[in-house]
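To keep things clear, I will list the structure first and then write my remarks on it.
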Amino acid sequence: MSEAVSRSLTSTPGLLESLDPLLREWLPRQRWFAGKGRPVTGFTLVGATELLPSDSKLGLYHLLVRAEQSPVPGDCYQLLIGVREALPPRLAPALIGHVDRGPLTGRTVYEALYDPRPAEVLLEALRARARIGGLFFEAEREQEIRPGLVPRVVTSEQSNSSIVYGDTYILKVLRRVVPGVNPDLELPLALAREGCPRVPPPKAWIRAELDGEPYVLGVLQPFVQGATDGWELALRELAKGEDFVAEARALGRATAEVHTALARALPTVTLGRTQVELMASAMTERLVAAAQAVPALRPYEPGLRSAFEALAALAAEGRTWTAQRVHGDLHLGQCLRSPAGQWWLIDFEGEPAKSLTERRMPQPPLRDIAGMLRSFDYAAHSTPSPVPGWAESCRAAYCSGYAEVSGTDPRTDPVLLRACETDKAVYEVVYEARHRPDWLPVPLSAVRRLALDDGNPAPLTSPAPRRPHP
Ligand SMILES: Nc1ncnc2c1ncn2[C@@H]1O[C@H](COP(=O)(O)OP(=O)(O)O)[C@@H](O)[C@H]1O
Ligand SMILES: O=P(O)(O)O[C@H]1O[C@H](CO)[C@@H](O[C@H]2O[C@H](CO)[C@@H](O)[C@H](O)[C@H]2O)[C@H](O)[C@H]1O
């Protein structure tokens, strides 16, 4: 490890004074900023570590900063802030601003992940299993991490930020961080230790201990070279007028492999009447809140509610379900296909809007299945070249593939499947209204179908709505 990396401070007096006005402008513009729509009213420094000395040509701060958004408590974000006299033109898109107050006066600060040297510092620290200030760079037992790989930041739309090192590793730097065990490390690690080949096995990770609370800040995994994600692949096939049945079946098999391994690795529980009634009422509460937030949902509320009532009624008759740890936000974009045709599941963080406790609770595996079924529907409704029956054939093939590996066909549990799909579609309506209003017609078309559905297992889709641009 370099001399520079081993130098660290746990705080720099006045640092926030230098950064505050610039971060107020910059942070809300970031894709990964979760508090959109409410102004940032101030910052609290949760943790600060100097990874490269700020009085040198290139300084680097690792910061955990709470963005206050009063009256609600703000979220904590992980920032890597580079400090230079001036930015070279290649780093212009990474500019945060020119500092005019506090200890960094006269310097330029920028998003350091765009700069190879700071990105190298993170890999070097992981290689060295370093402890720097409150940061712990740790690795899976006996894992050698290759040195000298050239870093590049991933520029596609993400909820976090990732750096690819020489097409060998990918480091996901989590942005909104919460204390506790993060499923994005916990589940892939459990799956890898279980020998499940459907998930890139974590090689190393970054943790922090702050006020006695653990935080997962980043995860390093093998980079699946030349991979295409399921969403891109599905849209490509749709554009050619091709079906996606073989891939959907393979995805069903991959999902079942992951579920089977998760059920082996981590506890499973039986959900009886009380738990299922609670689950159904939580779904109803989310529906009510969603209909308040998105008026277009209101006409369908009674029909959607009936899906949750049917689930509670089945539980009242004595039906029980097995729950286990699941992916939690499974969709085509979370599946990568390698050039050799292998499917990998990634991004086990769960739905970002839910608390960590909720995301780590055992769930019926049908939750993930419902997510994927919705995703086929999304693809079919997002293409400029619709193919009749495309989503239905994918949905059927996915369920068949799942049944081949797990021995259980999801379609044999239509009441729970409808409830999970309805809950997901409601989540998507809120997600799209907030993030991509042009896409709202896609989940709304499913809402129309699900509101009329009587639990019949035959999967239906309604006519294509106004199309968003994929
Ligand atoms: N192991 C991997 N190999 C290749 N590409 C990956 C890998 N992990 C993630 N990616 C790429 O990075 C993107 C973002 O990863 P993801 O874990 O979904 O992050 P986020 O939570 O920020 O959305 C993915 O859509 C995929 O294209
Ligand atoms: O990938 P993320 O963890 O950030 O998940 C969020 O964003 C997704 C969109 O990028 C969103 O997924 C929805 O749109 C997808 C197409 O873009 C579609 O395949 C999914 O089925 C649909 O849910 C996801 O819901 C959200 O949590």
Side-chain angles (χ1 to χ4, degrees), residues 30-32 34 78 113 152-177 182-185 187-188 192 198-203 216 218-235 238 244 251 327-339 342-354 359 367-383 391 394-395 398 420-421 423-436 438-440 442-443 446 468-470:
Q30 303 314 300
R31 157 78 156 84
W32 39 264
Q78 176 172 211
L113 294 179
R152 68 181 154 86
V153 74
V154 172
T155 49
S156 60
E157 294 272 288
Q158 269 192 263
S159 310
N160 298 284
S161 299
S162 298
I163 306 169
V164 174
Y165 292 94
D167 274 6
T168 301
Y169 307 124
I170 181 165
L171 173 66
K172 176 156 156 182
V173 176
L174 298 171
R175 289 303 197 163
R176 189 170 68 95
V177 295
N182 190 314
D184 213 6
L185 174 60
L187 297 188
R198 297 279 71 85
V199 171
K203 289 232 152 223
V216 173
V219 181
L220 185 81
Q221 291 179 343
F223 182 70
V224 183
Q225 287 184 27
T228 315
D229 75 50
W231 177 254
E232 215 181 307
L233 215 56
L235 290 187
L238 271 162
F244 196 59
L251 277 166
H327 180 284
D329 192 16
L330 194 58
H331 57 80
L332 282 163
Q334 314 282 37
C335 307
L336 297 180
R337 203 189 70 154
S338 69
Q342 300 278 20
W343 280 102
W344 306 72
L345 269 47
I346 58 164
D347 195 3
F348 284 74
E349 231 185 333
E351 283 176 12
K354 290 201 171 128
R359 289 191 257 148
R367 275 223 185 258
D368 283 348
I369 291 157
M372 282 300 290
L373 297 183
R374 290 286 315 114
S375 216
F376 294 122
D377 197 47
Y378 249 78
H381 284 105
S382 307
T383 176
C394 287
R395 288 160 61 97
Y398 179 77
C420 290
E421 226 192 308
D423 190 44
K424 193 70 184 180
V426 167
Y427 163 82
E428 289 168 342
V429 165
V430 177
Y431 178 87
E432 301 301 3
R434 257 189 216 148
H435 298 275
R436 309 183 292 192
D438 281 0
W439 290 61
L440 193 52
V442 176
H469 299 292

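Each ligand, and each atom within it, is numbered from 1 in the order the structure gives. The structure displayed is predicted, hence computed values, not measured ones. FYI, the numbering just counts along the sequence from 1.
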Is it the side chain (CB and beyond), the backbone, both or neither of [X] that lies under 4.0 Å from ligand 1, heavy atoms counted?
X	result
V224	both
I170	side chain
L336	side chain

Q. Is the closest heavy-atom distance from I346 to ligand 1 below 4.0 Å?
A. yes
Q: Consider ligand 1: state whether an atom of it lies below 4.0 angstrom from any non-hydrogen atom of S161.
A: no
Q.
Any heavy-atom pair between the side chains of V173 and L113 that's under 4.5 Å?
A. yes
Q) Between Q158 and W32, is any pair of side-chain heavy atoms under 4.5 Å apart? A) no
Q: Just jot down the ligand 2 atoms closer than 4.0 angstrom to any heavy atom of Y427, in number order.
A: 25 (O), 26 (C), 27 (O)
Q. Does ligand 2 have any atom that is closer than 4.0 Å to a heavy atom of E428?
A. yes
(Q) Please confirm whether H435 approaches ligand 2 to less than 4.0 Å, judged on its heavy atoms. (A) no
Would you say ligand 1 has an N or O under 3.5 Å from any N or O of [X]?
X	answer
S162	no
D347	yes
P200	no
S159	yes
S156	no

Q. Quick one: which of F348, F223, W231 has a heavy atom closest to atom 4 (C) of ligand 1?
A. F223
Q.
For atom 13 (C) of ligand 1, tell me which residue out of Q158, Q334, R175, Q225 has the closest non-hydrogen atom.
A. Q158
(Q) Using a 6.0 Å distance limit plus a 45 degree cone around the ring axis, check whether R152 lies over the aromatic ring of F223. (A) yes
Q: Identify, by atom number and element, the atoms of ligand 1 in contact range of Q221, meaning under 4.0 Å from any of its heavy atoms.
A: 1 (N)
Q) Which atoms of ligand 1 have any heavy atom of K172 under 4.0 Å away? A) 16 (P), 17 (O), 19 (O), 20 (P), 21 (O)
(Q) For Q334, which part has a heavy atom under 4.0 Å from ligand 2: side chain, backbone, both, or neither? (A) side chain
Q. Where on S159 is there a heavy atom closer than 4.0 Å to ligand 2, on the side chain, on the backbone, on both, or on neither?
A. side chain
Q) What pair of heavy atoms forms the shortest contact from N182 to E349, and how long is it? A) OD1-CG, 4.0 Å
Q) Quick check: are there more than 12 heavy atoms from other residues, nucleotides or ligands sitting under 6.0 Å from CZ of R434? A) no
